[in-house]
Peer 1: 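One structure, as structure tokens, below. Some questions next.
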Amino acid sequence: MATAQAKRPAARRAQASTPLIEWILGGIGVGLLLACIAFLVHEGLTDGEQPGAITASVVDIRPAGDQHVVLVRIHNSGSQTLSNVRVSAYLLDGDREVERATTMLDYVPGKSTEEGGFYFQHDPRELRIEIRPEGFQKP
Amino acid sequence: MVHTATELKGSMHVRSAVSTRTHSWDAERAYAVCVARAFGGALLFSLPMLMTMEMWELGVHMDRLRLVLLLVFMFPLLVGLAFYLGFESSTTLLDAVLDAFVAVAIAALLTATILIVFGALGPEHTAREWIGRVSLQTIAGSIGALLAQSQFGRAAYEGEGRRQGGDFAEYFFMAAGALFLSTNVAPTEEVELIAHMMTPWNGLALVFISLLLMHAFVYAVDFKGQHERAEHVTFVGEFVRFTVLGYVLAIAISAFMCWCFGRFDGVAPGEILNITIVLGFPAAIGAAAARLVL
């Protein structure tokens, strides 16, 4: 309590004349809040319900133990967020399906990219890879 | 760490002498300490939500305009808190607005930093993810920052205290407490699960328990900050005026939160009522606790 008494004059003055740091931080706060609101309103009004559209591209193919892993980037070009997105990858020899692998992505937000991978027994570098989104849930 | 009275008196004189010469520097330093404390408060209040997966997801996929509404609703609440808790009776509305913006800045900077450290935000994330996640987390963080700025500082213990705000201030604190605790619980899926498991009798029991606890918290169980009933006011009067109205406020806020988070979308009216009552429980406790603490 006594120590608090000693601090008192300083604390008082801090209130009496607004310190520069307070103005700076306050300015940052105004800027951030208004910018966030503007961005969110813009997003909310312009592209609310463009259906999710998934495209996938192979990033890398690497051996993983006695298997092969195909790393993929999954992009949702729509504005709707998709959850539980099921994506399958097929290894094709001509038209014949050699092997299939499936992965599940928790969330792929609109205009966003997620990464994942598929494991295969066969070497994908010797075959054709086709990646297809199969289904999703609305979050 | 034991100081004698003379020692303290001496140091106070030295401090006053120094601070007259470097007045503004001293004020800046005192304020920097206040800001550091506000960061601490923001962390304390937002940590449970920073570490909740549903909050990151909600920040990205919840309806954008409802998130805006939540932010717009939060701001006057912050201003009101700053106004009523300002430890100088001279705190003007403008000071309070500035304090609220400072709290927003601190909470946003803090939550963004922590989310980056957690790997929940990074260069690979889109603007939608950044802005959505940070703005949602800022709500609880800024309440924490504001309380720490004004309430938990040493100045708050000097007997200067907060202004006497009357009934309106009490409702205000209740709303802030309800908002804070319901923000903590609303994003979890357990709210829906509990609502689903409850029979109408369970729901009714929860309403009574909420009301009873709200009243007991503030008037009966001897917590610090307990309220005394004025002599001319009857028990029923006090119960209706504060506890019942406070509960209505808590229920309204919990319904608003649920709607903002999309918990009501496509849900039958009966279940909506159940969900509201379930979230109304923490909201009611938050409201009662805020009356004690603030």
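Each chain gets a letter, A, B and so on, in the order its sequence line appears, and its residues count up from 1. Keep in mind that what you see is a predicted model, and the values were worked out from it rather than measured.
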Peer 1: Which residue out of A/Thr81, A/Ile37, A/Val41, A/Leu40 racks up the most heavy-atom pairs below 4.5 Å with chain B?
Peer 2: A/Leu40

Peer 1: Tell me every residue that passes side-chain contact (heavy atoms from CB on, under 4.5 Å) with A/Arg128, counting only those two or more places apart in sequence or in another chain.
Peer 2: A/Leu92, A/Asp95, A/Glu130

Peer 1: Most heavy-atom pairs under 4.5 angstrom with chain B, which of A/Gly29, A/Gly27, A/Ser83?
Peer 2: A/Gly29

Peer 1: Could you verify whether a donor N or O on one side chain and an acceptor N or O on the other, from B/Glu54 and B/Thr188, lie under 3.5 Å apart?
Peer 2: no

Peer 1: Would A/His68 and A/Gln121 count as a side chain to side chain contact (heavy atoms under 4.5 Å, CB included) if you check the C-alpha gap in whole Å, the side-chain angles of each, and the deciding distance to 0.1 Å?
Peer 2: CA-CA 6 Å; A/His68 301 273; A/Gln121 302 294 328; over 6 Å; no

Peer 1: Who among A/Leu33, A/Ile21, A/Leu32 has the most heavy-atom pairs with chain B under 4.5 Å?
Peer 2: A/Ile21

Peer 1: For chain A, find which of B/Val68, B/Val104, B/Val134 contributes the most heavy-atom pairs closer than 4.5 angstrom.
Peer 2: B/Val68

Peer 1: If the threshold is 4.0 Å, N to carboxylate O, is there a salt bridge linking A/Arg73 and A/Asp60?
Peer 2: no

Peer 1: Which residues in residues 69-80 of chain B have any heavy atom lying under 4.5 Å from a heavy atom of chain A?
Peer 2: B/Leu71, B/Val72, B/Met74, B/Phe75

Peer 1: Might you confirm whether atom CD of B/Glu124 has over 12 heavy atoms from other residues, nucleotides or ligands at distances under 6.0 Å?
Peer 2: yes

Peer 1: Find the distance between CG (A/Leu82) and NZ (A/Lys138) and round it off to the nearest 0.5 Å.
Peer 2: 10.0 Å

Peer 1: For A/Thr55 and A/His75, does a side-chain donor sit closer than 3.5 Å to a side-chain acceptor?
Peer 2: no

Peer 1: What part of B/Glu129 gets within 4.5 angstrom of chain A, counting heavy atoms only: side chain, backbone, both, or neither?
Peer 2: side chain

Peer 1: With no hydrogens and no angle check, is any side-chain donor or acceptor of B/Glu28 less than 3.5 Å from a backbone partner on A/Leu20?
Peer 2: yes

Peer 1: Counting only non-hydrogen atoms closer than 4.5 Å, does B/Ala100 touch chain A with its backbone (N, CA, C, O), its side chain (CB onward), both, or neither?
Peer 2: neither

Peer 1: Side chains of B/Ser46 and B/Thr111: any donor to acceptor distance under 3.5 Å?
Peer 2: no

Peer 1: Between B/Asp63, B/Val97, B/Ile131, B/Thr126, which shows the greatest number of heavy-atom pairs under 4.5 Å with chain A?
Peer 2: B/Ile131

Peer 1: Are more than 12 heavy atoms, taken from residues, nucleotides or ligands other than B/Phe118, located less than 6.0 Å from that residue's CZ atom?
Peer 2: yes

Peer 1: Check each atom of B/Ala127 against the heavy atoms of chain A and say whether the ones under 4.5 Å are side chain, backbone, both or neither.
Peer 2: both

